[in-house]
Student: 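Here's a structure for you.
Side chains included, hydrogens not; waters and symmetry mates left out as well; all remaining heavy atoms used.
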Amino acid sequence: MNHLTQENIVVEMRGITKRFPGIIANDNIQLKVKKGEIHALLGENGAGKSTLMNVLFGLYQPEEGDILINGQKVNITSPNVANELGIGMVHQHFMLVEPFTVTENIVLGKEPKKGMSIDIAKAAKDVENLSKQYGLMVDPHAKIEDISVGMQQRVEILKTLYRGAEIIIFDEPTAVLTPQEIHELIEIMHNLVKEGKTIILITHKLKEIMAVCDSVTIIRRGKTIDTLSVANTNPDELAAKMVGREVNFHVEKTEAKPKEVILSVQNVTAMGNRGVNALKGISLDVRAGEILGIAGVDGNGQSELIEVLTGLRKSQGGTIKLRDKDITNKLPREISESGLSNIPEDRHKRGLVLDFTMSENMVLETYFHKEFNKGGFLDYNAIESHAAKLIQEFDVRTPSIHTPARALSGGNQQKAIIAREVHKDPELLIAAQPTRGLDVGAIEFIHKRLVEQRDKGKAVLLVSFELDEILNVSDRIAVIYEGQIVGIVDPKQTNEQELGLMMAGSKRTQGGTSVE
Amino acid sequence: MNKVIGIFTKDSFLVPLVAILLGLICGAIAMLAGGFDPILAYQSLLEKVFGDVYNFGETIRQITPLIFTGLSVAFAFRTGLFNIGAEGQLVIGMIASVYAGVVFDLPPGIHAVVALLIGGIAGGLWGAFVGWLKATRGVHEVITSIMMNWIALYFANWVLQTFLVPEGQQRSENIKDSAVLTIGWLSQMFDSARLHWGTAIALLGAVAFFVILWKTKTGFELRAVGLNPHASEYAGMNVNRNVVKAMFIGGLFAGLGGACEVLGVFHYQAVMAALPGYGFDGIAVALIGGNTPFGVVLGAILFGILTFGATGMKFGAGVPVELIRVVIASVIFFVAAHGIVRLFLKPVLNRKKKEAV
Amino acid sequence: MKKVFSVLSVATLSLSLALAGCGKAEQPNQAGGNAEQGQAGGEQKKIRVGMVTDVGGVNDNSFNQSAWEGLTKLKNDTGHEVQYIQSAGDADYVPNLNQFVKDKWDLTWGIGFIMGDHLKQVAEQNPDAKLAIIDAEVQAPNVESVLFKEQEGAFLVGVVAAEMTKTGKVGFVGGMDIPVISRFEAGFIAGVKAAKPEVQVVPIYTGAFDKPDLGKSTASTLYGQGADIVFHAAGATGDGVFNEAKDRKAKGENVWVIGVDKDQSLTFGKEITLTSMMKRVDEAVYRVSKDYAEGKFEGGKIVRLGLAENGVGLPETSKDTVPAEVLKKVDEFKEKIIKGEITVPEAPEKK
């Protein structure tokens, strides 16, 4: 680390300690970032990365430690101070005014004035120049509500640039993006560095680090573990340092022994939210003892398929059978009681009632069963012991069963959902994006559980946008494109390139048309 | 004992308490500005309420409908709905039970219970209609429940004038003695203050509120739908039916409140020129009470004491009655703007935090 | 009954506020007032008189205000202690009346028809207390009821309207359809018909005493139908009648309003106020209270104040807007009513 000489260190954080009631989020953390580099901050969910960056951005005040910007000791008491020091932050959840235009959002709070009024023409010109300089390509006059998530992120980046940021913090920037948009974001980051900016990237995705970063600082449970140069490391080493043990990327599993058909979908059609056909006569079978992976680019009917299967969306035609029972257009509860479990795509929206306690969440679909429901009154003793059992069995880290689900990390929330769904002992388990936003430790756990269900003779339907996941976990892969299955392949006899082509409709090149 | 202290230093308890204190201080400042003696004023307020049995009894009478409407608003709120319509549901409860009280002919006691239930159910249906409109037509319940308040007012007046008001009068006949909810002996003990069974029913209502929401299957569904309709739908609950059910139960509380006013306090209903205001105060009561049944009872007690004691303030210290509304408004303001309260509490909370670490 | 028909005057407003605010501070003055007390006949003791208003309160442009003016005058003239409580709703009447009664005030007023039953209940529960009420009949040995023969005053303004109309059509705007307001209507119609039987009277009830917007639209209907004079007995709703008349006057239409309860020309101006049917609630409250102080309280009595007692009538200012010959005719009818040659009906004929 002796290449980090004092002159080119732009950010130095020394011995930062930040406590919250009950936990130490940052424990004597050290961080040094060189000028003009992309520096990754790697750690599991809840390791303290975001806390550290919020300290740097002035949102939190540390109890101990010093911050040096360009070698000068500073006291960052608020985001305004951070802005003045040239620090900008692109938050995971965008802070934009939706009905305003791109320009208005960017200049908000720092508007160029002409007399008493805002000089919008000048502002738009400034925005256009900035956007050209860094290759951001944003229409300055578009309204935020009309542009894609990727574009909104660019507006956030422009906001920091407009305020003269030299050091830009990205908080999990790829979590909300499509693969194509991720690709473009990486491009933008390179441009920024070329123009002399310094980037700190908060992430838990090893791939991203390997692709764009120069160096990486690993944080585990609030402590600095190591700082490495990306050129001299590999994903296995990073994963091990992040999780604290060896992580197996390869999903260990035996050969599948598929048996009878559990789920049979025949020629199902359904409308999407925009009134066009999202499912155009889709057909597929899932057998007991196998994991069928559905690969596809987001927006090709995956969400609609799951909604039709679970009873949340009406199908216009076709039949769905679970074993021999016709579950086409039945109510969600009837389908669920017939032996179908679902790990929903959006765990905050569909999976959990965040303000319910863990024990209440654990019976969200089964509270009316005889074991919990005594003549209209709920037996909370039974509910609580049930929850305690599941939480232990699935290693959900929660302070107590009375803790609201909101207080748990994403990984633990997902584990709780899986515990609940698996415990129902379903014939068919649907897992939609089960590892989205999770760190490698949690991903490993979840994949193991899916395989375990398969080995118990259950049918598993896995829907994912992550090709790695599909290839690693599935026994068969069905590729979905524009509401139809365009092909079924054996994961052992295919590769990302072939899948990518199929996902793009076989003939067309990948990313030729992006949605919206 | 530590547990007790724990409850009293909990944020959820401390914040409203400090908000109330700040509200009283704001009122005091307003009084000083008007040239009155705030200490004397508050002293007279308390004297009015606790000074003699009659006024104490009447304060309880004042508190009772506020518990009902507070529960009504809080219950809906717990299920994700904002019930501005407690006012109208109360009025409908009044008219329905006065109708039953005047027209029906039933044995004593049974008559009262029947009239009470009819009032409660009428209020409930009035609320459920708002829920139904939301569930089937997607109309926001705030809009409909506000409009339903006025419909309730004029509908009640129409019913009164068409069926119940004798020629040349402005009010209905008295309800039959068999339908009266007044507790005679208690009233005697309190020097003829109008005490009635409604107070006990209101307290039972608070208990029922707790039991329904936190102990039953129905309550589980109602809360889940209120907190996250998407997850509830996914978990197989019928979101629309729960919206209607929640508004029915909310309306039921308000309707019972109206019924108790008529059967316990007035024994008749007068043609109303304006809405009685209990429902709107109920919103504030629910807010101060943090939408918990116990909190609502405390909030109603506070509201009842302040409004009833205001007359005492006027007599004892010459403070205009309207000034009590300044106090009440400030209390609501500080409860709503709890950020400000936390600012005042910062030193206290920080010390607690340090002890915890 | 918030249907009082008086109009807010800034002077009385500030006065009553000051009095309300300084109830305590005034006590030394009362001691100072002992000097005048002597003239009332030596040993007469200071009495305390309280009144309970309805939700309108003492600044309601209405008869709560008029009643309070009466008590204020009592205090200024005699030094007796006076106080009022405003009710926030129906449930407040009983405890508010009791506030005075239980505190052993000498005389407690209930202002308005609607308080009748409540006052009766309090009177029965406290047989030693003395109470009085405006506009309602309460049969109790310790209550004096004061009512007005509104029909007699309304008769006279009816005569004015009949004489002054150019279109042969006049309107009446009532608040709620209750006995008091019916007396206004009945008297008005009788007066019009007595003077000029061919003049047509169109009565409309708005159903509210506190809705100026409704008053305005009702007046618009009446003027639109060809009435050129409108008599209102609708409290604050009547403010809208004046408003509509003012608008029409500005457009050159020759329309008039007849005010109620107080001399409303003082508030709304002589350009549109033809005359007013004054109802002297202040006088009544003043007189009964003063009688009480002088030991002349008559429990159980029901007083009806009409033209003979000066309880109702036209204001002096009418001579500026109404020609002398019309006023002369009015005086003739007044004589006849006082002498009993004409009996004015209390309720309009049923259609």
Student: So what's closer than 4.5 Å to chain B heavy atoms on Leu364(A): side chain, backbone, both or neither?
Tutor: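 It is both, since atoms from each part get that close.
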Student: Using heavy-atom distances under 4.5 Å, tell me whether Glu63(A) contacts chain B through its side chain, its backbone, both, or neither.
Tutor: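 For Glu63(A), no heavy atom lies under 4.5 Å from chain B.
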Student: Work out which heavy atom in Gly236(B) is nearest to a heavy atom in Pro332(A); give both atom names and the distance.
Tutor: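 Closest heavy-atom pair between Gly236(B) and Pro332(A): CA-CB, 4.0 Å.
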Student: May I ask you to establish whether Lys215(B) and Tyr380(A) are in a cation-pi arrangement, using a distance under 6.0 Å from NZ or CZ to the six-membered ring centre and at most 45° from the ring axis?
Tutor: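 Relative to the ring axis of Tyr380(A), which defines the angle, Lys215(B) lies inside both limits.
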Student: Does CZ in Arg221(A) sit with more than 12 non-hydrogen atoms of other residues, nucleotides or ligands closer than 6.0 Å?
Tutor: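 No, the 6.0 Å shell around CZ holds no more than 12 heavy atoms from other groups.
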Student: Measuring heavy-atom distances to chain B, does Glu360(A) have an atom under 4.5 Å in its side chain, in its backbone, in both, or in neither?
Tutor: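 When you check distances to chain B, atoms from both the backbone and side chain of Glu360(A) fall under 4.5 Å.
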Student: Check Asn228(B) against Leu352(A) and note the closest heavy-atom contact, atom names and distance.
Tutor: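 Minimum heavy-atom separation between Asn228(B) and Leu352(A): ND2-O, 2.8 Å.
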Student: Any chance CZ of Phe77(B) has more than 12 other-residue heavy atoms, nucleotides or ligands included, within less than 6.0 Å?
Tutor: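 Counting neighbours around CZ of Phe77(B), 12 or fewer heavy atoms of other residues, nucleotides or ligands fall under 6.0 Å, so no.
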Student: When you look at NZ of Lys330(A), are more than 12 heavy atoms from neighbouring residues, nucleotides or ligands closer to it than 6.0 Å?
Tutor: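 More than 12 heavy atoms, drawn from other residues, nucleotides or ligands, come within 6.0 Å of this atom.
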Student: I'd like to know if the side chain of Asn373(A) reaches the main chain of Lys217(B), judged simply by a donor and an acceptor atom lying under 3.5 Å from each other, with no hydrogens or angles considered.
Tutor: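 Not at all, since once roles are kept as given, no pair shorter than 3.5 Å links the two residues.
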Student: With ring centroids as reference points, do Phe368(A) and Phe220(B) lie under 6.0 angstrom apart?
Tutor: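 Judged by ring-centre distance (under 6.0 Å), Phe368(A) and Phe220(B) do not meet the cut-off.
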Student: For His230(B), is there any backbone N or O sitting under 3.5 Å from a side-chain donor or acceptor partner on Arg350(A)?
Tutor: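 Looks like yes, one N/O pair under 3.5 Å.
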Student: For Lys223(A), does the NZ atom have more than 12 heavy-atom neighbours from other residues, nucleotides or ligands under 6.0 Å away?
Tutor: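 Result for NZ/Lys223(A): open.
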Student: Should Leu378(A) and Trp214(B) count as side-chain neighbours, where that means a heavy-atom distance under 4.5 Å?
Tutor: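 Leu378(A) vs Trp214(B): side chains apart.
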Student: For Asp379(A), is it the side chain, the backbone, both or neither that has a heavy atom under 4.5 Å from a heavy atom of chain B?
Tutor: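 Contact with chain B: none, neither part.
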Student: Looking only at heavy atoms, what is the nearest atom pair of Pro344(A) and Tyr234(B), with distance?
Tutor: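 Taking Pro344(A) first and Tyr234(B) second, the nearest heavy atoms are CD-OH, 4.1 Å.
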